[in-house]
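The structure under discussion appears below in the form of structure tokens.
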Amino acid sequence: MLIADSADPRLDDYRSLTDVALRRRLEPERGLYMAEGAKVIERALRAGHRPRSILVSERWLSGVNEVLAHTGATADVLVASEELMETITGYQVHRGALAAMERPALPQLRDLVAGARRVVVLEGIVDHTNVGAIFRSAAGIGADAIVVAPTCADPLYRRSVKVSMGTVFQVPWTRVQEWPGALTDLKDEGFTVAALALADHAVSLDDFAADRHERVAIVMGAEGDGLSSSAVQAADAVVTIPMAGGVDSLNVAAASAVALWALK
């Protein structure tokens, strides 16, 4: 259906997408998230997520219709000019399509990790690009699940979804409320909890991997501040990636890839 009026209430889900603070509050409250681009929308639909509507420019309409046909999904498709889409969203939608998706219910921690051997735990990572990149590493290199602490950015925020190339729909994950109590819960489930951090008593990633722990949960924190002291204290081991050239650490997304490869 063609939309020509910027005040049309059917566009409300798409307003002010560049206002991060606003969207962090509104999207969970409304039970929605944004998927951008036909490929990402298709991955969301194939993961069983339900669309509220899809906003698309006429130039990209045929691609969206193909996605709906391939997946068997149904949705209200709102067709608007590229100028109107930019006015509503606050930016130029380069991939020409946005879907307002129903946010799925998250599993309980125990259910999430049942049968898992490699789990990534994220604390205090507020950069959505890093969160999305970590999910992509987890999907590509191999992690069974991701646990997100209360202080971590939303994996379903538009930027995270985009950077992850839709792998946030592929890797099982949940957000925990008890922190760092969730690390104790992981221990109770049989995981060796390893804090990836700089510390005098840290063991190298190579040495830790050589021990071949049956179940490992590797905890990663934000760049700069790193992991909280309470998270480090709750861990069974502190692990560091040996560095060269006077560099003390890697970007957290790069570090996730290195750690997952070593522990695969």
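Just so we're clear, the structure is a prediction, and the values are computed from it rather than from any experiment.
- Here the side chain of D144 pairs a donor or acceptor atom with the backbone of R118 at under 3.5 angstrom.
- Contact of the V168 side chain with the R43 side chain is not registered, since no non-hydrogen atoms from C-beta on lie closer than 4.5 Å.
- Residue R175 places its CZ atom among more than 12 non-hydrogen atoms of other residues, nucleotides or ligands, all under 6.0 Å distant.
- Looking only at distances, no side-chain donor or acceptor of S160 sits under 3.5 Å from a matching main-chain atom of L156.
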May I have the list of side-chain donor-acceptor pairs in residues 53-66 shorter than 3.5 Å, sequence neighbours left out?
{"unit_1": "S53", "atom_1": "OG", "unit_2": "Y14", "atom_2": "OH", "d": "2.7"}
{"unit_1": "R59", "atom_1": "NE", "unit_2": "E82", "atom_2": "OE2", "d": "3.1"}
{"unit_1": "R59", "atom_1": "NH2", "unit_2": "E82", "atom_2": "OE2", "d": "3.2"}

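- Using a distance-only test at 3.5 Å, with no hydrogens or angles considered, no donor-acceptor pair links the side chain of R24 to the main chain of D19.
- Side-chain N or O atoms of E123 include none that pairs as donor or acceptor with a backbone N or O of A231 at under 3.5 Å.
- No donor-acceptor distance shorter than 3.5 angstrom exists from the side chain of T71 to the backbone of R46, with no hydrogens or angles considered.
- Counting heavy atoms from C-beta outward, L17 and R23 have side chains that approach closer than 4.5 Å.
- Qualifying ring pair (Phe, Tyr, Trp, His ring centres under 6.0 Å) partners for Y33, counting only residues two or more places apart in sequence or in other chains: H49, F169.
- Distance alone, capped at 3.5 Å, is enough to place a donor-acceptor pair between the S204 side chain and the D207 backbone.
- Using a cutoff of 4.0 Å between basic side-chain nitrogens and carboxylate oxygens, D154 and R103 are scored as salt-bridged.
- Of the residues listed (R110, R215, R117), the one engaging E189 in a salt bridge (charged side-chain N to carboxylate O under 4.0 Å, His left out) is R110, and it is the only one.
- In this view, H128 and Y157 satisfy the ring pair (Phe, Tyr, Trp, His ring centres under 6.0 Å) rule, not counting sequence neighbours.
- In this structure, the side chain of D236 engages the main chain of V193 through a donor-acceptor pair within 3.5 Å.
- Inter-residue side-chain proximity for L183 and K187 is flagged as unmet; no heavy-atom pair is nearer than 4.5 Å.
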Stepwise ring-ring contact (aromatic ring centres under 6.0 Å, His included) test for F191 and H213: CA-CA 8 Å; F191 285 88; H213 299 279; over 10 Å; no
Stepwise side-chain contact (heavy atoms from CB on, under 4.5 Å) check, L98 with R158: CA-CA 10 Å; L98 283 164; R158 177 177 59 87; 4.2 Å; yes
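- Two residues are said to be in side-chain contact when any heavy atoms from C-beta on lie closer than 4.5 Å; V252 and D127 fail this criterion.
- Salt-bridge annotation for D76 and R10: absent, with no side-chain N of the basic residue lying under 4.0 Å from a carboxylate O of the acidic one.
- Contact annotation: the side chain of V131 never approaches that of R159 to less than 4.5 Å [non-hydrogen atoms, C-beta and beyond].
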